[in-house]
Q: 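Dumping the structure here so I can ask a few things about it.
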Amino acid sequence: MSGELIGAWIAVFLTLAIFSYLYKDNAFYKIAEHLFVGISAGYWTSMFFWTQIQPNLFGRLWPSSHYDSESLWYGIYNAMSWINSSVFPAGGIDKGHEMHLIYLIPFALGIMMLLSVFDKLSWFARWGIAYTVGMAAGLRAYGYLNSNVIAQVRNSTLNFSDPDMPVFALIGNSYFNGIVLLIGTIAGLLYFYFSKEQKGAFGKVTRVGIYFLMVSFGASFGFAVMGRISLLIGRFVDLIAYNGTQYHHATSWILVIMVILLGYSAYKNDDPKGNTAE
Amino acid sequence: MNAILNFISRIGQLDRRWIFLIIALVVLVPLYFPLGLPIRATESTKQVWEAVENLEPESKVLLSMEYGPSTKPELHPMVFGIVRHLLKNEHKIYITCLWPDGQFMAEDLIEKVIEVEFPNKSYGEDYVLLGFRPGGEAVIKGIVGNIRKLYTVDARGSAVNDIPMMIGVNKFIDFDFLFSASAGFPGTVEWVQYASDPTGVPMSTGTTSIQVNEVMPYVQGGQVNGILAGMPGAAEYEALIGVPGIGTSGMDAQSIAHIVIVLFIIFGNVAYFVERKKSQKY
């Protein structure tokens, strides 16, 4: 039995097990759910260790290009290499990096974050979190200010002296789009102004804001439905492919077995109230 | 009249499992029996096509793949289409991944499209898989500042300095165009904020349907040259390049499922109002 065949049967089983939740919560769904959570956690941990921590952190602290077996620094490395030679291979880590001892700071911050599991030392974790939050806030403040505020305001500004500006266009700048954008932005923002009661003329403007928000939510809902249907189509395409003779009709077999077992479970009627999927 | 109202009222109380079954059937049947409904490209899809078509020959294009198996049905077809278009027009493709799963998607792309349909294109000279680097927006900042510091080796373990098509590529402004295939964070939004806007390198994007509303303001504002919106975007792009693929084959099912969902929404609302009227009556 080839690996591809086994993989196909597993993929079909897991797909149908997840779909079975639409009937009701059941053992197949639970198996798939637990497998997904466990495998995801293991996969991401392994992936991040081998693509980030080992090559980019350890690889910069103990690069093979600076290897000196006589030095104290590489003496520590050799001791770790004796414990685990796959993480710390003999002769230093060859990932094309130069030695950067400044990486000891993120190394220390990372260890401090791990100390959160100990009650008495958990306060150390705040340092690492403070650095991460501060760095992310600084980085994103610039990005959002530049691209979402300044660039958006600049690009949506109407140039009335531009003779090439169309009156109406489906996409891009036009007088119509610019005016709709202006009204929508102002009315939408005013809806979230809570220091004045929304009645009278002010209430009418905020009402317009609600309509714009509803159109936006409607568009989001429509796109969400479209996305989910696309994913369903993707799974069905795979299920159809795995029902071929080269996969020994995996979809049909697993579907029939699953329906029989779920039917038997329903017949036994373990849950008289019949919990349905919410 | 009463019979119709009772029927609508009964539809409103239909067990949701019947609705799931109907949706499954309307998606499944057109996959077995395609209807061949027409596909017309939207303005935003045409913008992407024109952006690629208008590139100078042998342009350096950065293709960033930020998605995994969970969103493969939406994004994989559009990446296939973009790569076919780029290679047909003799451009150089540099593939990076901000998501770990993106690297598997990129390897699948190379195996199924580049190696099969463009056997004369060689790795390292016409396309290269630089691979995944963790760090999200920090990776984008790294590519903008000094790509060689971030990528010392490619995904196949070759030294970047030894790859012929990497000559003259040191930072983001050395690329002529960026296409981001994005399913979320980090993705298109971060590419706009940290790479395209600060450097002025033009970019286009393909996103999952659910992300379209988030990215559309950048398209409307001219910061992004068009957007391929979910599976329909992929199908439209396939129609523009004249190579029907996975996106096109899914569009019949997509269209019919949408009609059925709209009908359910209408029936659901009518049933709600009928029920409300009944309860007011008594």
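Side-chain atoms are counted along with the backbone in the values below, which use heavy atoms only and exclude waters and symmetry mates. Just so we're on the same page: letters track the sequence lines, and every chain starts at 1. What you see is a predicted model; the values in this text were computed from it and never measured.
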Q: Indicate yes or no: at least one non-hydrogen side-chain atom of B:Val212 is less than 4.5 angstrom from one of A:Met226.
A: no

Q: Answer whether the closest heavy-atom distance between the side chains of A:Leu239 and B:Leu28 falls below 4.5 Å.
A: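 No, side chains not in contact.
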
Q: List the atom of B:Glu74, the atom of A:Ser230, and the distance in Å for their closest heavy-atom pair.
A: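 Heavy atoms only, the tightest pair is CG-CB, 3.5 Å.
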
Q: Which pairs count as salt bridge (Lys or Arg N to Asp or Glu O under 4.0 Å) when at least one residue sits in residues 21-30 of chain B, sequence neighbours excluded?
A: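 Counting only pairs at least two positions apart or across chains, no salt bridge (Lys or Arg N to Asp or Glu O under 4.0 Å) contact touches residues 21-30 of chain B.
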
Q: Is A:Phe221 close to chain B through its backbone or its side chain, or both, or neither, when contacts mean heavy atoms under 4.5 Å?
A: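 Just the side chain, heavy atoms under 4.5 Å.
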
Q: Below 4.5 Å from any heavy atom of chain B, which atoms of A:Met47 appear? Answer side chain, backbone, both or neither.
A: side chain

Q: Let me know if B:Ala253 has heavy atoms under 4.5 Å from chain A in its side chain, its backbone, both or neither.
A: both

Q: Ignoring hydrogens and geometry beyond distance, is a side-chain donor-acceptor pair present between B:Gln193 and A:Asn148 at under 3.5 Å?
A: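 The criterion, which ignores hydrogens and geometry beyond distance, is satisfied for A:Asn148 and B:Gln193.
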
Q: Can you name the nearest heavy-atom pair linking A:Arg140 to B:Glu137, along with the distance?
A: NE-OE2, 2.7 Å

Q: When you measure from the side chain of B:Gln223 to the backbone N and O of A:Ser147, does any donor-acceptor pair fall under 3.5 Å?
A: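 Yes.
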
Q: Tell me, for B:Lys141 versus chain A, whether the close heavy atoms (under 4.5 Å) come from the side chain, the backbone, both or neither.
A: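 For B:Lys141, the contact with chain A is made by the side chain alone.
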
Q: Of all the heavy-atom pairs spanning B:Ala24 and A:Phe236, show the shortest one and how long it is.
A: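 B:Ala24 and A:Phe236 have their closest heavy atoms at O-CE2, 3.4 Å.
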
Q: Measuring only between side-chain heavy atoms, which start at C-beta, is A:Arg228 closer than 4.5 Å to B:Ile210?
A: yes

Q: List the atom of B:Gln254, the atom of A:Ile233, and the distance in Å for their closest heavy-atom pair.
A: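 For B:Gln254 and A:Ile233, the tightest heavy-atom pair comes out as N-CD1, 3.7 Å.
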
Q: Do you know the tightest heavy-atom contact between A:Gly143 and B:Tyr194?
A: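 Nearest heavy atoms, A:Gly143 then B:Tyr194: CA-CE2, 4.0 Å.
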
Q: Cut-off 3.5 Å, no hydrogens considered: what does the side-chain donor-acceptor table look like for residues 36-44 of chain A, sequence neighbours left out?
A:
residue, atom, partner, partner atom, Å
A:Ser40, OG, A:Phe36, O, 2.6

Q: Considering only heavy atoms, give the residues of residues 178-185 of chain A separated from chain B by less than 4.5 Å, sorted numerically, with 'none' for an empty result.
A: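 Within residues 178-185 of chain A, no residue comes under 4.5 Å of chain B, counting heavy atoms only.
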
Q: A:Ser220: which residues meet the side chain to side chain donor-acceptor pair (under 3.5 Å) condition with it, sequence neighbours left out?
A: B:Asn213

Q: A:Arg154 versus chain B, heavy atoms under 4.5 Å apart: side chain, backbone, both or neither?
A: neither

